[in-house]
Amino acid sequence: MTAGGSEAGAGTRSLTATDVPVPEAPPVLPALAPFVSGGVLTAAEARLAERLGRIGGEDHPQVLLAAALALRGPRYGHVCVELDRVAAHVAVEPQLRGWRGLDAEGQEVASLPWPATEAWREVLSASPLVRPGSEAATPLVLDGSRLYLDRYWQYEQRLAGALEARAAAWEDGPAAPAASVVAWLDELFGPARGLDRQRLAAAVALTRRLTVIAGGPGTGKTYTVARVLALLHRAALATAADRPLRVVLVAPTGKAAARLQESLREALGTLTLPAPVRAAMERTPASTIHRLLGVTRASSTRFRHDARHPVPYDVVIVDEASMVSLPLMAKLVDAVDDRSRLILLGDRDQLASVEAGAVFGDICGPAGSRPTLRFSPGAASALAAVVGGHLAGEHEVADRPGIWDAIVRLDRFRRFSSGSDLGAVAAAIQASGTEVDKAVDLLRSPSPVGPETVPAAADGPDAADGPGAAARLLDPDEDPAAAGTVTDFVVDRYAEVARLALAGAPAGEVLAQLASLRVLCARRRGPDGVEDWNRRIERRLTEGVPGFDPSRRFYVGRPILITRNDDAVRLYNGDVGVIVEDADQPGQLVAAFWTPETGVRTISPARLPACETTFAMTIHKSQGSQFAEVVIVLTPEPSPVLTRELVYTAITRASQRATVLGRAEILRTALSRPVQRASGLQHRLWRGAEPGSPGG
């Protein structure tokens, strides 16, 4: 008989995969089974831990559980397993609510069988799979109560050591006399009247090889960095430098890098600078971090530039540093020459990297309710000489030099006016969970939200909102018509985008209308997710706008979000465009994008990299973007994706108005739930500092 079951010569067929019996995957060990059935571990993670145990001669269930959790950690952004906290922070997946697991004897249990911490540590300390830090290489590293995969422990150690060394590295005094530096700062920031944190950040950048400028949207980070660069160029020109200062702007995404470069060019228009300084700043290139480091064909995680082959720049400025993962930050810092300056810009309260680590937040130190400055006596003395002597009494005094000497947190929301709902809500959310009720109450206040068109806001770092800027929560429990009201409002606004595109309006006008509003969802799939809202909006526009036809992949009026970098066409992950009819070739469709260099540019849809419809987008995807108005859609039920950082990121994407659609109790729960990522970086950088003293 043949494989097909027919007699030879009677007509044969080839063997297919369905004809071959596939062996069932072996069951996981009983000790790991409850964690798999509870959704904490995947079966693959459990089996990989078991295989690791077989290779290393280890079969103790508690060691295998710890190994599986270490393998699981990066999937959730964790760098390590905190043995003393994991039981409290890891729970059964919500879709398995009501689950009852099985113990080793097959009996039902209502909770997971976590080991006691001290006994767990003792078992791990004796395991051949584990080493305590600096001894011979093993797959796992136990550091106190933290268990790491070896490579993540190496990343954390290297990064902490490099950052500490940079924070302690002084330039050989200011590159010019203090009087000259003060005069330059006066030109850039105005005469010193009290402590100006933007001026202080420039002074830190001049005197140290690491500067961390932390602050929320609209606190003036890019305004500050433009003046930092002007100061550094002036100082370099005042010395006998044999060449101009080499500077590069980098960010995790091409879009963020381009926005920083654009902001720098806009800032140049407001500055009076010597011609050589202006020319040098106009030539400042922008790049993604990956492109700067040089991705090789052999590996997407190994780069051409490293500690032995550093990047050829004297100053490396990293924007959106909160989005950079631990592995990437470690490799970036390695590749910056020890003699070069590294400047990190970011917002510690925003969402962290989608990969492992919360590096920027760890660098900034323990979260606190006040954006306190902290300097050692030596650093404070050096800074006071060039900031006008206004530092005394304005900072906490550290008993020794440390990472805190490199950190300046900007604390004034310049994008939001003093009476702004947006500014007040953002500040309440920032307050480390202490003002959750205040934030919810502010959002429930009767601020006007309606379908009137809000003009596109200026994108500069100091662009202020108007007195009517508002933030409001619409709760379906209190107003059953809330969802319909918001949907009607959104559809009316996007209908104007569709009408303009269908009428052949200039692409710039269509893009401006599109940029005035964005729907931001907490999740991609499921009820009230991105896909649900995109379908809903397309359906309503089809019914209400003559000529709107989303039946084709590319249709007139379709807003698109680029989801993959493509250097060949200069489009990057996060870029937003719209499909319009080509003004020069009627009947031909093009994708229009706005660029700082050329204004509107168009490209054939056939040349586009991967993209998706973006009437709505996830809050994660909105990082680094700014819209005049946002509609923020919470999940209809409690969800672990809803965190304080997610809501803060969404609220601060708006410059004019934010509408939150969701239940007040779900919002309150989200604001009470900060993202907690297991990591030892903050401990390494801030060990010995007074508990609770905020650094950024």
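Everything quoted here is computed from the prediction, not taken from an experiment. Position 1 is the first residue of the sequence; numbering continues from there.
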Which value, rounded to the nearest 0.5 Å, describes the distance between Ile537 atom CD1 and Thr613 atom OG1?
10.5 Å
Ser287 side-chain N/O to Leu292 backbone N/O, donor-acceptor pair under 3.5 Å:
yes
Heavy-atom check, side chain of Arg553 versus side chain of Arg558, under 4.5 Å
yes
Can you tell me if Arg523 and Thr635 form a side-chain donor-acceptor pair at under 3.5 Å?
no
Do any N or O atoms from the side chain of Thr659 and from the backbone of Val631 form a donor-acceptor pair under 3.5 angstrom?
no
Is a donor on one side and an acceptor on the other found under 3.5 Å between the side chain of Asp475 and the backbone of Ala664?
yes
Could you check whether any side-chain N or O of Arg278 sits under 3.5 Å from a backbone N or O of Leu268, counting only pairs where one atom can act as donor and the other as acceptor?
yes
Under the criterion side chain to side chain contact (heavy atoms under 4.5 Å, CB included), I'd like the reasoning laid out for Arg265 against Met281: C-alpha separation, chi angles, the key distance, then a yes or no.
CA-CA 8 Å; Arg265 288 173 177 166; Met281 291 180 67; over 6 Å; no
Give, for atom CG of Leu442 and atom CD1 of Ile651, the distance between the pair rounded to the nearest 0.5 Å.
10.5 Å
Does Leu541 offer a backbone N or O that forms a donor-acceptor pair with the side chain of Tyr494 under 3.5 Å?
no
In Å, rounded to the nearest 0.5 Å, how long is the span from CD1 of Ile619 to CG of Leu642?
7.5 Å
Is the side chain of Arg197 donor-acceptor paired with the backbone N or O of Arg409 at a distance under 3.5 Å, no angle test?
yes
A side-chain contact here means heavy atoms from C-beta on lying under 4.5 Å apart; do Asp319 and Leu249 qualify?
no
Cation over ring face, Arg552 and Phe554, 6.0 Å, 45°
no
Using only atom types and a distance under 3.5 Å, with no angle test, would you say the side chain of Arg348 pairs donor to acceptor with the backbone of Ala214?
no
Is it true that a side-chain atom of Glu581 and a backbone atom of Gly587 form a donor plus acceptor pair closer than 3.5 Å?
yes
Are the side chain of Lys221 and the backbone of Gly215 linked by a donor-acceptor contact shorter than 3.5 Å?
yes
Atom CD1 of Ile429 and atom CG of Leu443: how far apart are they, to the nearest 0.5 Å?
6.5 Å
Check whether any side-chain N or O of Gln261 sits under 3.5 Å from a backbone N or O of Thr284 as a donor-acceptor pair, and report yes or no.
yes
Sub-4.5 Å side-chain heavy-atom contact between Leu571 and Arg601:
yes
Begin with the C-alpha distance, continue with both residues' side-chain angles, and end with the deciding distance and a verdict on side-chain hydrogen bond (donor to acceptor under 3.5 Å, both in side chains) for Arg341 and Thr211.
CA-CA 8 Å; Arg341 287 179 172 87; Thr211 305; over 6 Å; no
Set out, in order, the CA-CA distance, both residues' side-chain angles and the distance that settles side chain to side chain contact (heavy atoms under 4.5 Å, CB included) for Arg653 and Thr649, then state yes or no.
CA-CA 6 Å; Arg653 297 312 90 202; Thr649 299; 4.0 Å; yes
Close side-chain approach of Asp528 to Arg536, heavy-atom, < 4.5 Å
yes
Could you measure the distance from the CH2 atom of Trp533 to the CG atom of Leu520? Nearest 0.5 Å is fine.
11.0 Å
